[in-house]
Amino acid sequence: MSDDRTFVIIGASQAGGWVAQTLRNEGFEGNVILLGEEPYLPYERPPLSKAALLGEVTVDSTYFWQADALEEAKIDVCLNTRVTAIDRDAKEVVTENGDRIAYDKLAITTGARVRKLPIDGADLPGVFYLRTMEDTLAIRDAVQEGATAMIVGGGWIGLECAATLTKLGCKSIVVEAADRLCGRAVTPEISDWMLKFHTGNDVDVRLSTGIEKFEGNGKLERAVLPGGDTIDCSIAVVGIGVIPNVELAQEAGLKIDNGIVVDECARTSDPDIVAAGDVTNHPNDLLGRRIRLESYENAQNQGIVAGKAMLDNTEPYSDIPWFWSDQFDANLQMIGLPQDWDETATRGDVESNEFVTFYLKSGVIDSAISVNNPRDLRVGKRLMQGQKQVTAAELEDPETKMQALLKR
Amino acid sequence: MTDANIEFHAVATTAEVTEDEPKAVSIGRMDIGIYKLDGEFYAIDDICTHAYACMTDGYIDDGQIECPLHGACFDIKTGKALTAPATVDLRPYEVKVEGDQIMVGVPKADD
Ligand SMILES: Cc1cc2nc3c(=O)[nH]c(=O)nc-3n(C[C@H](O)[C@H](O)[C@H](O)COP(=O)(O)OP(=O)(O)OC[C@H]3O[C@@H](n4cnc5c(N)ncnc54)[C@H](O)[C@@H]3O)c2cc1C
Ligand code: FES
């Protein structure tokens, strides 16, 4: 039985790649066209601030699927192809060079772009952002051992970057506008742990401050701080957040509210269009509210759900938000979004950088963060999923086997 | 059926592997995870096919081992990759129990 429908995906990264792959895994035999403006096959972004920046992995090894696998799956990947409009009446997408591609169903997986630093000198060569493979390769090229690297923003990207550049022999200085690190994502005591941990690894962290401007003759030479002090530096990486790429969807009249608004099955306000990944604002049953996430697992699992929804196989997506980060020798993992809790339980040893902190609400895990203890966190995720009653005392007790809590 | 190219190595005792706690062993340069499931022992490659993690540090649930790093699940009996982000299976190895010794069959080193 042949299928002459064409499903088009805008954005050839993690979410878009999983939409395409899912269509095939689910047996779709029509055309699958994956359009992306970047010059690379869909690749993993997490290594960009970690192993790829360190130079430990090749570009190819960051691809989700190698070229032959995509070809075998008959996924038509068009790279270097920017989409400029969605014509919903004609059911066509328009590319930068004027081509019109007809679709029966469309997926928007345009992700997010970096927020730019609005200060003088931010456009000097030597000032970088970190979102794409090109960014990583450019930073790697510019890094020199012994250089001072100014990191603007003490969030996940900034801290990972500070760790990696330190490992590469740079002197990393992090400036963060808030009074604690990673403040939008973690609790104050975890921010404190991060500060101690980074300081202990020779990162110079400066809180409640920013950069007034960057200066240099044709290239970055120094950062000027608010008081007028200057710091000589040859490289700066800015990590101050991202902005969802909603413009295409917005201009096409889809519903937007801090992201493209989708339902639990990744469907937009147009029945023929789904969206997934960093660009969506979606409901989360477990949290009881709408969220927009910027995370690997969200791009993957919502992408899979979106692919299924294109085939009218609706499977609600309501995972517990999960995120990880690698900084120096610490693997951090987080479940849930710490917001509202009445009890805290720390299992393990904070001093030796191996612990999990659980946040409980009415005896149920509401969120948790682990440092070098992924296994207990993963059991915690299942306890949370099952809304199991636990006490802070038993979580803290090293004699307690986490698995046993699940089985009772 | 015995394969002349397979060589069995004693890697652990049966008491060292429980249903909840697998054991990481190495044979030559191969890292292998030993599991116990419904009373039987199984051996599969221990390094996740996605990025780099020891699967035996992961979490066992319902006959599956979940990668401690990014959560890919594999079938313990067959090594089959069951969930994203993994797309490549873990290699399974033959297991024999002799007395209290768990023996794992790996291809003979060709030297
Ligand atoms: C440096 C870095 C480190 C990270 N580390 C972690 C981590 O440790 N853990 C974690 O959970 N998450 C991490 N993330 C987040 C994770 O990588 C993202 O959440 C994920 O990539 C989102 O996938 P996406 O497909 O939704 O969007 P994106 O990856 O942003 O992809 C969107 C794609 O669409 C393309 N596009 C946009 N507009 C158009 C258009 N008009 N036409 C054609 N193409 C278009 C873009 O070029 C891009 O390729 C990290 C991200 C970065 C940048
Ligand atoms: S290393 Fe195992 S899922 Fe990524």
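Note: hydrogens, waters and symmetry copies are ignored here, and every other heavy atom, side chains too, is used. Within every chain, numbering begins at 1; the chains are lettered A, B, ... in the order of the sequence lines, protein sequences first and strands thereafter.
Side chain of A:R378 to backbone of B:Y59: no donor-acceptor contact under 3.5 angstrom is found.
Only the side chain of A:E44 comes within contact range of chain B, with at least one heavy atom under 4.5 Å from a heavy atom of that chain.
Heavy-atom proximity under 4.5 angstrom to chain B picks out A:Q403, A:L406, A:K407 from residues 399-408 of chain A. Residues of residues 295-305 of chain A that come closer than 4.5 Å to chain B, counting heavy atoms only, are A:Y296, A:Q300, A:I304, ordered by residue number. Listed by sequence position, the residues of residues 33-48 of chain B in contact with chain A number zero, using a 4.5 angstrom heavy-atom cutoff. Applying a 4.5 Å heavy-atom cutoff, the residues of residues 64-89 of chain B that approach chain A are B:E66, B:C67, B:P68, B:L69, B:H70, B:G71, B:A84, B:P85, B:T87.
The local environment of CG in A:D285 is sparse, with at most 12 non-hydrogen atoms from other residues, nucleotides or ligands closer than 6.0 Å. Residue A:E72 qualifies as open at atom CD: its count of foreign heavy atoms under 6.0 Å is 12 or below. Atom CD of B:E7 is surrounded by more than 12 heavy atoms from other residues, nucleotides or ligands within 6.0 Å.
In this structure, B:D57 CG and A:R375 CZ are separated by 6.5 Å, a value rounded to the nearest 0.5 Å.
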